[in-house]
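The structure appears right after this line, and notes come after that.
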Amino acid sequence: MEKVQEENETERWERPEEITESERDIIKETWARLYTKSEDVGVSILIRFFVNFPSAKQYFSQFKDMEDPLEMERSVQLRKHGQRVMGAINSVVENLSDPEKVATVLAIVGKSHAVKHKVDPVFFKILTGVILEIIAEAFAKDFTPEVELAWSKLRSNLLSHVLATYKEVGWTQYPSNSV
């Protein structure tokens with residue numbers, strides 16, 4: 001049973017559902033509101049990611065030894081990386097109607113993390129989950145099932161593109177349902 005579940009999970013990341021026009025509008029509207037505080041949101045995402053999944057810090061020499069969330073929050077390097085994360089998501093959201101641009105942005109992100117930084121792709125699955133948590137909290141009462149579905153589809157698409165790039169550059173291990 002577990003093997004079948006893992007195969008279904010992998011298939012879902014490899015063949016994500018198409019995002020409808022109304023879902024693109026939902027994503028763009030919620031993102032526009034969130035992006036007005038992009039620096040703080042990016043920092044919040046990374047702090048939660050590193051506090052809940054400290055093994056992810058191994059890829060960041062500048063703050064891998066930081067344990068205190070307040071120290072992380074004050075870190076210039078962490079803030080810069082948070083801005084890069086937010087910028088990449090913003091590029092995807094701004095280009096949701098242009099699948100080629102989205103694929104290009106995510107191929108660049110995937111290749112950089114696979115080849116240059118050698119980041120295990122499981123961390124993309126974890127990070128995108130943290131991003132959804134932060135969005136759900138930011139919009140609490142406005143995070144309807146429709147909003148959640150739209151963002152879940154975007155998450156699936158993000159992972160699909162990034163994992164495809166990892167596969168192209170020769171990675172053989174992919175996120176499973178166990179994370």
Closest heavy-atom contact between [X] and [Y]?
X	Y	result
Ala150	Ile26	CB-CG2, 4.1 Å
Met72	Ile47	CB-CG1, 3.9 Å
Leu34	Ala138	CD1-CB, 3.7 Å
Asp120	Tyr166	C-OH, 4.4 Å

Is there a donor-acceptor pair under 3.5 Å between the side chain of [X] and the backbone N or O of [Y]?
X	Y	value
Glu23	Thr20	yes
Gln77	Gln62	no
Ser44	Asp40	yes
Lys64	Tyr59	no

Straight-line distance of Arg84 CZ to Leu46 CG, nearest 0.5 Å =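 Going from the CZ atom of Arg84 to the CG atom of Leu46 covers 9.5 Å.
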
State the CD1-CG distance between Ile19 and Leu154, to the nearest 0.5 angstrom.
->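 Spacing of CD1 (Ile19) from CG (Leu154) equals 5.0 Å.
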
Any heavy-atom pair between the side chains of [Y] and [X] that's under 4.5 Å?
X	Y	value
Glu18	Lys153	no
Leu159	Thr128	yes
Val76	His81	no
Lys125	Arg155	yes
Leu78	Phe50	yes
Ile135	Phe143	yes
Val130	Phe53	yes
Leu158	Phe124	no

Atom pairs and distances, side-chain donor-acceptor, residues 97-109, under 3.5 Å, sequence neighbours left out:
{"from": "Asp98", "atom 1": "OD1", "to": "Glu100", "atom 2": "N", "distance (Å)": "3.3"}
{"from": "Asp98", "atom 1": "OD1", "to": "Lys101", "atom 2": "N", "distance (Å)": "3.3"}
{"from": "Thr104", "atom 1": "OG1", "to": "Glu100", "atom 2": "O", "distance (Å)": "2.9"}

If the plane angle is over 60° it's perpendicular, under 30° parallel, otherwise tilted; pick one for Phe63 and Phe60.
->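 Because their plane-to-plane angle is under 30°, the rings of Phe63 and Phe60 count as parallel.
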
Ion pair [X]/[Y], N-O distance below 4.0 Å:
X	Y	value
Arg24	Glu29	no
Asp142	Arg33	yes
Arg48	Glu137	yes

Side chain to side chain donor-acceptor pair (under 3.5 Å) against Thr30, all qualifying residues, sequence neighbours excluded |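 Partners of Thr30 under the side chain to side chain donor-acceptor pair (under 3.5 Å) test: Trp151.
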
Can you sort out the partners of His113 under side chain to side chain donor-acceptor pair (under 3.5 Å), two or more places apart, ordered by chain and number?
->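 By the side chain to side chain donor-acceptor pair (under 3.5 Å) rule, His113 matches no residue at all.
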
Classify the side-chain pair Thr165/Glu168 by whether it contains a donor and acceptor separated by less than 3.5 Å.
->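 Not at all, the side chains of Thr165 and Glu168 share no donor-acceptor pair under 3.5 Å.
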
